[in-house]
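Accompanying notes for the structure given below.
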Amino acid sequence: MKNKLFTMFFVVAFFALTAVPASAVTNDIVKVGLRYGSSALFSANLENAVGAGYEFGYFDENRMFVSLGWTEETTGSMTAAGTIYMDESGNYSPSVPSGGFRSLGEWHVQMDGFRSFEEAADQARLDGGWPAWIDWEYVVRVGSFDSQSEAEDAAGRYGGRAVRASSTGVIVTRTRTENILFEFDCSGVLSLGVQPSGRETSTWFKGYKYGGGFEYPRVTGGNLSVINVIGLEDYVKGVIPYEMGGGWPLAALEAQAVCARTFVQGHNKHLSANGFDVCGGVDCQVYNGHGSGGASPSETSDRAVEDTAGECLYYNGTLVQDAVYHSSDGGATEDGGNVWGTETGYLKGKVDPYEAQTTVPNNSYSVTYTASELTWILDQKGYSVGTVQDVYVSEYTPAGNVKQVTFVGSNGTKTVTGETCRTIFYSSTYQKSVSSMRFDINGGRGSGVYVNGSGTLSSLEGVFVISGNRTLGTLAGNTASAISSSGIASVSGGSQPSGGGNRTGSFVITGTGNGHNVGMSQYGAKAMAELGYSYREILEFYYTDITIG
C-alpha cells in the first residue's frame, strides 16, 4: 500500500466544481466522450497496461486530478451502484442473468467519521469492507445485503447504520470479482475520476489503450458515461493516425494535426449536455488514443504533432471555430454556407486540382434507389410527398456541387438544400447512402436539362450550363440540344426537355468524393504533400485567408 496521507477538507461552494467553462478545453486538457447517451455503460472495465494500480478521486474545475484514495490492483470495474448481478463469466449487469450468478445487494452498513483514506482503509480491512467517499466524507461500508432488515441486523455488530446505495453512486471492484475496492457518491455534483499510477500511463478500455485518466459521470442515475481526460497534444496524437494513415507524408499529417488541434478547441457542442469537449467518433473526429493491437500512432504521426505543437488556424485574429475537413472532395470543395447555411470567410469552395493527382480509394460511387425505397425513406424522415414519382438535382453551386434536390410525389413536392441533399438518402434499412455533395441523378428530370420549378424561360440567351466535366459555360441563341434519360432532347426557350424522367422505376445517383466537401480534403492534402507542398501551403489552399500560429 502506498504510504500517503490525505487530510480532510471541506467543500464550501461545491456546485462550482462542476461549472461548465465558457469554451472547450481547459488548461490544455481535453475531455473526450468515449461512451455516453445510448452507449453509456452499466459497468466499465479498465486494465493498466503500464505501471501498476490506480488512484481514485475526481477532476476539479481546472481539470486537475484530486486524489482521494488508491489501489495496487491493475484491473478495475466501475459499476453503477445498486443491486449488481455477476454471471458465471464475471460480467456485471443490473438484471438477473441466465445461468448461474452471484449478486451484490444495494444495502450496506456504514461507519462514519474517518479523517483520511488510510484510516478508512485500515478499518475496512479489519471489518471486511471497503473505504468510500460519500458526500465529501471518508466512510467505511461493509456487506452487500438484499434488504434493509438484513443491513439493520448487521449494523449492530459493526457499530454502524444501514444505508442504501443511491442512483448517483459508483462501485469500484476488482474486475470479474465481488471484491469491492472503493465507492464514490457525491450526489452527482462530482463525478468519480480514476487516474492510473505512474509517470507514463496507458490503460486498456474496450480494445484500445488510452493515456491520461478517466471520469465516470452518473449525475442523474442510470448508466455511466466514460470520459478520457487527456492533455491536448496527447489527444491530437490519438487523432492523427485514425483520421489519416500513420504512414502518409509528413506534411499532410502536419496539416491534419493543426486542423485537429483547432477543431477540438473550437468544438463544444457536447459540453453543456454531456460534460466533455469532444466525442471520440466520426460525429466529431476519430480518437482511439494509443491504439489497439493493430492500428496505432506512428513515429511519423507523432512527429507531425510535435512539429506543429500548439499551432492552430486563425481568421481575422480569432481562433477558427470549425476547422472541418473531409476525406475527398471529388474535384471541388464547397462554401460552408451552401452546405450548412452559415457563411464563414475561411470556408470557401474552390476547384481542387490536386486530389486527382493521387490515388483515392472508392472516389467514385453509384447507388440505385427504387421509387418505393425513396418513398419509404422520405416518410421515415418526415418529408412525405406520397409515392415518389421523380427526384432530380434542382440547383448546383458554382463549383458544381449539389445545392438543392427536389422530390416529386403523388401528394406534392419537396425541395431540400445543403447537406440534407446528401444525408436524406441515408438508410440503414436499405444500407444505402450518398457519399458526397458532388453527384448527379439519372432516371429523373435531373438527367435532362431542368429549367426552374415551372420549367419555363423566355429565352435561352445567356443561360449558364454545367458541362460533363463541371465547367461553366453560357448558351447563345434560343435553341440547344441536351442528353436526357431517354436520349438527345431538343430544348428551346419557354420549354423543358422532352423525354422526361423515369417516374416509376429506379433512380441512379453517381458521384465522386467522400464527405461534406467543406474545408480540407484529406486526400487532397496527401496529394499536395506528395507534390512537395508544406503543411502551411496545404492549409492556406483549403482554408481562405487564414493564419497559422
Side-chain angles (χ1 to χ4, degrees), residues 330 334 338-341 362-397 400-457 465-468 470 480-491 495-517:
E334 189 50 66
N338 286 335
V339 177
W340 297 311
N362 304 314
N363 192 47
S364 299
Y365 60 89
S366 178
V367 57
T368 300
Y369 293 86
T370 65
S372 62
E373 287 174 342
L374 289 179
T375 298
W376 188 88
I377 291 171
L378 291 181
D379 284 345
Q380 296 301 306
K381 298 188 177 184
Y383 295 109
S384 178
V385 295
T387 301
V388 171
Q389 300 170 333
D390 202 3
V391 56
Y392 53 91
V393 176
S394 46
E395 185 176 353
Y396 288 92
T397 70
N401 297 313
V402 173
K403 187 174 183 179
Q404 290 187 350
V405 170
T406 296
F407 296 87
V408 179
S410 58
N411 293 336
T413 299
K414 177 65 180 179
T415 296
V416 296
T417 62
E419 193 174 24
T420 305
C421 296
R422 174 175 70 100
T423 59
I424 198 170
F425 290 101
Y426 171 75
S427 171
S428 59
T429 299
Y430 295 117
Q431 296 185 327
K432 293 180 179 182
S433 63
V434 170
S435 297
S436 72
M437 297 297 295
R438 198 167 182 81
F439 61 84
D440 300 305
I441 303 177
N442 299 317
R445 277 194 294 181
S447 61
V449 176
Y450 175 65
V451 183
N452 289 355
S454 63
T456 61
L457 275 178
V465 295
I466 301 173
S467 69
R470 292 187 172 86
S481 294
I483 299 175
S484 73
S485 58
S486 57
I488 297 177
S490 178
V491 186
S495 69
Q496 63 184 50
S498 60
N502 182 353
R503 294 174 175 271
T504 59
S506 298
F507 303 92
V508 181
I509 300 177
T510 57
T512 55
N514 193 340
H516 49 61
N517 286 68

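The closest side-chain heavy-atom distance from Phe439 to Thr510 is not below 4.5 Å. Proximity of Val388 to Val408: side-chain heavy atoms (C-beta onward) are nowhere separated by under 4.5 Å. Taking 4.5 Å as the limit, some side-chain heavy atom of Tyr392 sits within range of a side-chain heavy atom of Thr406. Contact check for Phe507 versus Thr370: no side-chain heavy atoms found under the 4.5 Å cut-off. Side-chain contact between Gln389 and Phe407: absent, with no pair of heavy atoms (C-beta onward) separated by less than 4.5 Å. Residues Tyr369 and Val367 are in side-chain contact: their nearest non-hydrogen atoms beyond the backbone lie under 4.5 Å apart. Within the 4.5 Å cutoff, side-chain heavy atoms of Leu374 are placed close to those of Val391.
The distance from atom OG of Ser384 to atom CG of Asn411, rounded to the nearest 0.5 Å, is 6.5 Å. The OH atom of Tyr430 sits 14.0 Å away from atom CZ of Phe425, with the distance rounded to the nearest 0.5 Å. Note: Gln404 CD to Tyr396 OH = 12.0 Å, rounded to the nearest 0.5 Å. How far CD of Glu334 is from CZ of Arg438: 8.5 Å, rounded to the nearest 0.5 Å. Between the OG atom of Ser427 and the CG atom of Leu378 there is a distance of 11.0 Å, given to the nearest 0.5 Å.
A pairwise comparison of heavy atoms in Thr429 and Trp376 identifies OG1-CH2, 3.3 Å as the closest pair. Taking each heavy atom of Ser436 and Tyr365 in turn, the nearest pair found is OG-OH, 2.9 Å. For Cys421 against Lys403, the heavy-atom pair with the smallest separation is SG-O, 3.4 Å. Of all heavy-atom pairs spanning Thr368 and Val508, the tightest one is OG1-CG2, 3.7 Å. In this structure, Ser394 and Thr415 approach most closely via the heavy-atom pair OG-CG2, 4.1 Å.
Thr512 contributes no side-chain N or O that, together with a main-chain N or O of Asn363, makes up a donor-acceptor pair within less than 3.5 Å.
Applying the salt bridge (charged side-chain N to carboxylate O under 4.0 Å, His left out) criterion to Lys414, with sequence neighbours excluded, gives no partner residue.
Checking each of Val416, Asn517, Val393, Asn338 against Val402 for a side chain to side chain contact (heavy atoms under 4.5 Å, CB included) leaves exactly one that passes, namely Val393.
Applying the salt bridge (Lys or Arg N to Asp or Glu O under 4.0 Å) definition to pairs two or more places apart or across chains, those involving residues 418-430 are Glu419-Arg422. Sorted by first and then second residue, the salt bridge (Lys or Arg N to Asp or Glu O under 4.0 Å) pairs involving residues 365-386 (not counting sequence neighbours) are Glu373-Lys432.
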